[in-house]
Amino acid sequence: MLTIALPDGSRRECQVGVSAHDVAMDIGPGLARAALVAEIDGELWDLHAPLPDKGEVHLRLLTKADSESLQVLRHSCAHVMAQAVMRLHEGVQLAFGPATETGFYYDFHLDCPLTEDDFPKIEVEMRKIVKENAPFERIDVPRAEALALCKELGQNLKVEHIETGLADQQTLSFYRQGEFIDLCRGRHVPTTGHLGKGFKLLSLAGAYWKGDAAREQLQRLYATVFFDKKELAAYLDRLEQARRRDHRVLGKKLELFEIDDRVGSGLVLWKPRGAVVREELQNFILYHLKRQGYSQVFTPHVGKLELYRTSGHFPYYQDSQFPPLIDRDSLRRLADEGCSCSELANLLNDGEIDGYLLKPMNCPHHIRIFASEKRSYRDLPVRLAEFGTVYRWEQSGELGGLTRVRGFTQDDAHLFVTEEQLPAEIAGCLELVKIVLGTLGMENYRIRLGLRDPDGQKYVGEPQQWEQAEAACKQAVEALGVDFSAEPGEAAFYGPKIDFVVRDVIGREWQLGTVQVDYQLPQRFALQYTGSDNRPHCPVMVHRAPFGSMERFVGVLIEHFAGAFPLWLAPEQLRLLTVSDRSESYGRQVEKRLRDAEFRIATDYRGQKLGAKIREAQLDLVPYMLVVGEKDVEKGTVSVRDRIDGDLGAMPVDEAIAKLRAEIAAKTVRQVASGEP
RNA sequence: GCUGCUGUAGCUCAGUGGUAGAGCACUUCCUUGGUAAGGAAGAGGUCAUGAGUUCAAGUCUCAUCAGCAGCUCCA
């Protein structure tokens, strides 16, 4: 006998061999129809599988109201998609086909390339399979039999997976629906009919087998499914909304920036309007830096290769740097000697010849500034800040918009501190990032605490220092009171890091602000200060950048505000609109007063109807329109129109100036793009 | 870097191997209109670049460059 405890607290005695579906039928046929999958003692369970023989179990019957069942539905749909593909193509090798946050995918190896033209065919076949309403049947088999079955089916990738990934499993499960059978852990909905009509193939991509770039590349089909067509339509609509907020689209429309083939991919041209946003952000943070005791410095865009050999950047990150700059005479001499390219590379590596590097990081320059003076413990902390532009040779497939570029400006700073000062300085840095994100109304973020991977090879320095640094970071993050996850293996090669990861409107996550502790570089450069004991000590360094990269930050910010910047950031804060020619000369007087008051203002004196001028200003996302007509000429007023709230009525020019100034000073955020994808 | 897709006017996009198209934007003229589109005319192109097939290429083939989706990487 089996005792089943239901969520409402009731208990039932059952015969051996009953399934969750039988229990549901017993409770009511409506529930039995609605149930998609069961949960036994917290573990998902197929609806039609026999329950355990005896004892007492907690049973939940999950319907589409339960979030877990959507994942199951998606996984089942992945099987149906795979079945459809196998019906349409010969010799399909199955790889993995999991559910994802927004849908599912399946990776295949097949000889002919799939294209988007195949999508309708596959979808038609999937609809047929759904109509066939075949049950998903679980088959548990011993290991040897599973191997034999996969071999018989010609599924070599699955064979490999059983032999490597599932080496310790004695029993393996397969799922079958119709003629399709696949090695799979489960669980699944009862029948293919449960998938309904709410599915759609979305995109096609390459993916490596087991994520290994050295292995064969598979074809990945992305798709999604919802419980019904309406939810699918709503999801597709959200995708479309998100696309309209895409910073690459808005950046062009609002004339913020340009990435030009003739200049180079991944190299951003900031246009005047985008430059305003960037400059305002920089001024904003400069204000806070002054308050926190930072000093600003300027350093060049290149440095000697030897500098980066010392720092370790050149050897560690060679593949993602622009190639070194070598003077012509040296190159000519080497060419005359018959030096090959690989010999040249070796000479560069070994330091036999020197050259310059476009700087991939600002720290070595700042370190040399620190080292340029004799330092006492009384001078510390030394906090050197710079909007420093760095260059990295990102892989071509990674480039995109402002978020992944090859030249970008960090709002960088390096703090040289004593061991004792470290916790307070980390806390100060974290506080700064929090102020930045808070001011901009970016609430959707988390902290990633990047720690050393215990088995990792890439790290330099003593384990004891790593432990100290990691402990200091952890303490500071805990004190900040923001959700964080500790992630081993995510540290920089020189120390642990605290990254602020912001989620954008399409649901992607971007690393923006970062704070990193570094015991290594000060030692590599043999930095010293004189302690109170009159002996030399090595400072600890903190790298930090609250925005991270100005390019990426502004990119994410554009999407965050859907291009509608708050007044203090808006490239065009006000637009003055005349009702007709008769108010133009008055309009020009008002314009002058507003310019004198240092607003960023544009004017529209054209012989157009007011409605048309307003429409254009609305579409250009100008925060405030100032309308002047003959009534305003008489009374010396302007009529203020708010982009969000519409007409605010006429007011004296001085009153409008005071109101707008107050909003700028408060850095008020009145509207952000609505959240979840 | 890898896989697939894409590249036509400032923008969004049509275009069947045979004379280069539309809407919006732009310029000029008419219109003087109080809170989301007044009207007319005009100008705008090395069809990404380079090779090839063809009597003939925006259209077919190949290469290069660039963009998009994803994979891999990311100090």
Side-chain angles (χ1 to χ4, degrees), chain A residues 100 105 107 109 113-118 202-222 243 246 248-249 252-253 255 258-266 308 311-321 359-364 390 392-401 404 410 412 450 458 490-495 497 499 506 511 514 516 518 520-521 543 545 577-584 606-620 625-632 639-643 645-650:
Chain A
T100 64
Y105 64 81
D107 288 344
H109 179 81
L114 292 170
T115 73
E116 291 190 7
D117 297 338
D118 296 312
L202 296 175
S203 64
L204 193 58
Y208 299 106
W209 170 239
K210 299 209 171 178
D212 183 350
R215 294 293 306 265
E216 60 266 47
Q217 195 157 25
L218 308 167
Q219 301 191 61
R220 175 172 296 180
L221 272 177
Y222 278 91
R243 202 188 66 80
D246 189 317
R248 293 164 298 193
V249 176
K252 192 162 256 308
K253 194 181 125 201
E255 300 170 353
E258 201 65 48
I259 295 170
D260 181 8
D261 284 9
R262 304 284 286 268
V263 176
S265 59
Y308 302 102
S311 71
H313 292 114
F314 182 63
Y316 277 100
Y317 293 102
Q318 233 178 88
D319 291 344
S320 44
Q321 286 160 1
K359 67 177 173 185
M361 289 276 276
N362 298 305
C363 21
V390 298
R392 297 181 188 174
W393 188 259
E394 301 288 356
Q395 293 182 19
S396 60
E398 264 311 322
L399 299 170
R404 246 351 239 288
Q410 297 175 311
D412 209 357
K458 69 172 186 175
E490 291 297 314
F493 73 89
Y494 49 69
K497 59 181 187 178
D499 290 332
I506 317 174
Q511 184 209 304
T514 181
Q516 307 178 3
D518 183 358
Q520 309 313 324
L521 283 182
H543 309 240
L577 313 177
T578 44
V579 175
S580 78
D581 282 356
R582 287 203 255 283
S583 41
E584 179 172 341
R606 292 174 308 164
Q608 270 294 351
K609 286 173 71 172
L610 182 60
K613 295 183 183 185
I614 286 172
R615 179 166 189 273
E616 281 181 33
Q618 286 284 150
L619 293 176
D620 289 343
M625 284 150 262
L626 302 178
V627 177
V628 293
E630 287 182 273
K631 285 180 231 161
D632 300 293
S639 300
V640 179
R641 183 188 164 95
D642 181 344
R643 190 187 64 81
D645 293 336
D647 192 0
L648 303 182

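Bear in mind that the values here come from a model prediction, so they are computed numbers and not experimental data. In what follows, every chain begins at residue 1, and chains take the letters A, B, ... in the order their sequences are listed.
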Of the listed B/U32, B/U35, B/G1, the closest approach to the A/Ser396 side chain comes from B/G1
Testing B/G34, B/A37, B/G33 for proximity to the side chain of A/Leu610, the answer is B/G34
Note to self: So A/Tyr105, base contact, sugar-phosphate only, or nothing? Heavy-atom distance under 4.0 Å.
What the structure shows: nothing
Practice task
Compare side-chain N and O positions of A/Arg606 against OP1 and OP2 of B/G33 and report whether any pair is under 4.0 Å apart.
Solution key: no
Output for pair (A/Lys497 NZ, A/Asp518 CG), nearest 0.5 Å, gives 12.5 Å
With the side chain defined as heavy atoms from C-beta on, A/Arg220 is closest, among B/U32, B/U35, B/C71, to B/C71
A/Arg641 has its side chain closest, among B/U32, B/U35, B/A66, to B/U35
Decide, yes or no, whether a salt bridge links A/Glu216 with A/Lys210 under the criterion of side-chain N to carboxylate O below 4.0 Å.
no
From the candidates B/G38, B/G67, B/G34, the one with an atom nearest any side-chain atom of A/Val627 is B/G34
Closest to the side chain of A/Ala205, out of B/A66, B/A69, B/C74, is B/A69
Regarding the side chain of A/Tyr208, the nearest nucleotide among B/A75, B/C71, B/U35 is B/C71
Using a cut-off of strictly less than 4.0 Å, decide whether A/Gln516 has a side-chain nitrogen or oxygen near OP1 or OP2 of B/A75.
no
From CD1 of A/Ile259 across to P of B/C68 the rounded distance in Å is 8 Å
Scanning all shown strands, the Watson-Crick or wobble mate of B/C26 with both distances under 3.5 Å is B/G42
Using Watson-Crick geometry (N1-N3 plus N6-O4 or O6-N4) or G-U wobble (N1-O2, O6-N3), each under 3.5 Å, B/G7 is paired with B/C65
Closest to the side chain of A/Ser203, out of B/U35, B/C73, B/A69, is B/A69
Considering only heavy side-chain atoms of A/Tyr317, the closest of B/G34, B/A69, B/A75 is B/A75
Value for CG (A/Leu114) from CD (A/Gln219), rounded to nearest 0.5 Å, stands at 4.5 Å
Paired to B/A36 by Watson-Crick or G-U wobble criteria (both distances under 3.5 Å) is none
- Side chain to side chain, A/Ser639 and A/Leu626, heavy atoms closer than 4.5 Å: no
Does a nitrogen or oxygen in the side chain of A/Thr115 sit under 4.0 Å from OP1 or OP2 of B/G4?
no
Exercise for review: Evaluate the ring planes of A/Phe493 and A/His313, with Trp represented by its six-membered ring, and classify them as parallel (under 30°), tilted (30 to 60°) or perpendicular (over 60°).
Suggested key: perpendicular
